[in-house]
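To start, the structure itself, in structure tokens.
No experiment lies behind these values; they were computed from the predicted model shown. Heavy atoms only: backbone and side chains are in, while hydrogens, waters and symmetry mates are out. We count ligands from 1, going down the list as the structure has it; atoms in each ligand are counted the same way.
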Amino acid sequence: MKFETLEDLLIQEIKDLYDAEQQLVDALPKMMEAAENPQLQEAFRTHLRETEQQVTRLEEVFEELGVEPEGHTCKAMKGLIAEGQQMIKAKGDGDVRDAGLIGAAQRVEHYEIAAYGTARTLAQRLGRSRAAELLQTTLDEEGATDKKLTAIAEGGINQEAAEGSWQS
Ligand code: FE
Ligand code: FE
Ligand code: FE
């Protein structure tokens, strides 16, 4: 990698996100299947649809920047998804696993929030207002997903998992 300008850095950030989102399009259906709580399943289903749109939105950003869409392996997302896989495969109580799936999914959202925030700020700084707007739209979706996952955890899953603990 070689960066001469902030524009070079922005393009690199977008390539990383493009790869990360594509990894998530593959991973989210597995998270959805593993989830037992219907609300959590629905949250993963909704975010899968959003994630597919986010891939398309990044292609618009590439177009805005006059660059061919191309991914650059996001190693962090590989790691986060690998941790999610461990939760998917975990045996035992379903409610406890759901709580673990939420934790894994929120790690992903927080990574995305950091990365989209960085890219949005770079785009603003460069006067690329349309690109900044597109990145902000996705940033808002990631933030809303994170909040929804917190609400699901607080609203029941941890409660049910805790009840299971008391019974055993
Ligand atoms: Fe995303
Ligand atoms: Fe990355
Ligand atoms: Fe996301």
Other residues, nucleotides, ligands: >12 heavy atoms within 6.0 Å of [X] [atom1]:
X      : atom1 : value
Glu36  : CD    : yes
Met87  : CE    : no
Arg107 : CZ    : no

(message) I'd like to know if the Fe ion (ligand 2) has an N/O/S atom from Met77 within less than 2.8 Å of it, counting both backbone and side-chain atoms.
(response)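 Given the 2.8 Å cut-off, Met77 does not count as a ligand of the Fe ion (ligand 2).
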(request) Look at the N, O or S atoms of Asp19, main chain and side chain alike, and state whether any lies under 2.8 Å from the Fe ion (ligand 2). (result)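 Short answer: no, not a single N, O or S atom is under the cut-off.
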(message) Ignoring hydrogens and geometry beyond distance, is a side-chain donor-acceptor pair present between Asp16 and Gln12 at under 3.5 Å?
(response)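 No, Gln12 and Asp16 have no side-chain donor paired with an acceptor closer than 3.5 Å.
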(request) Measure from the Fe ion (ligand 1) to every N/O/S atom of Glu142 and report the name of the nearest one. (result)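 Sorting the N, O and S atoms of Glu142 by distance to the Fe ion (ligand 1) puts OE2 first.
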(request) Check whether any N, O or S atom of Glu141 sits under 2.8 Å from the Fe ion (ligand 3). (result)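 No, outside the cut-off.
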(message) Between Glu50 and the Fe ion (ligand 3), is there a contact where an N/O/S atom of the residue lies under 2.8 Å from the metal?
(response)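 So Glu50 does not count as coordinating the Fe ion (ligand 3).
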(request) Have a look at the Fe ion (ligand 2) and estimate, to 10 degrees, the angle subtended by OH (Tyr111) and OD1 (Asp16). (result)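 Reported to 10°, the angle equals 100°.
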(message) For the metal site, I want the angle between atom OE1 of Glu109 and atom OE1 of Glu112 with the Fe ion (ligand 3) at the apex, to 10°.
(response)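 Angle OE1(Glu109)-the Fe ion (ligand 3)-OE1(Glu112): 80°, rounded to 10°.
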(request) Find out whether Leu134 and Thr137 are in side-chain contact, i.e. whether some heavy atom of one side chain is under 4.5 Å from a heavy atom of the other. (result)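 Counting from C-beta outward, Leu134 and Thr137 never come under 4.5 Å.
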(message) Within 2.8 Å of the Fe ion (ligand 1), is there any N, O or S atom belonging to Thr138?
(response)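 So Thr138 does not count as coordinating the Fe ion (ligand 1).
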(message) Using the side-chain hydrogen bond (donor to acceptor under 3.5 Å, both in side chains) definition, which of the options Lys147, Lys148, His47 pairs with Glu109?
(response)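 The passing option is His47.
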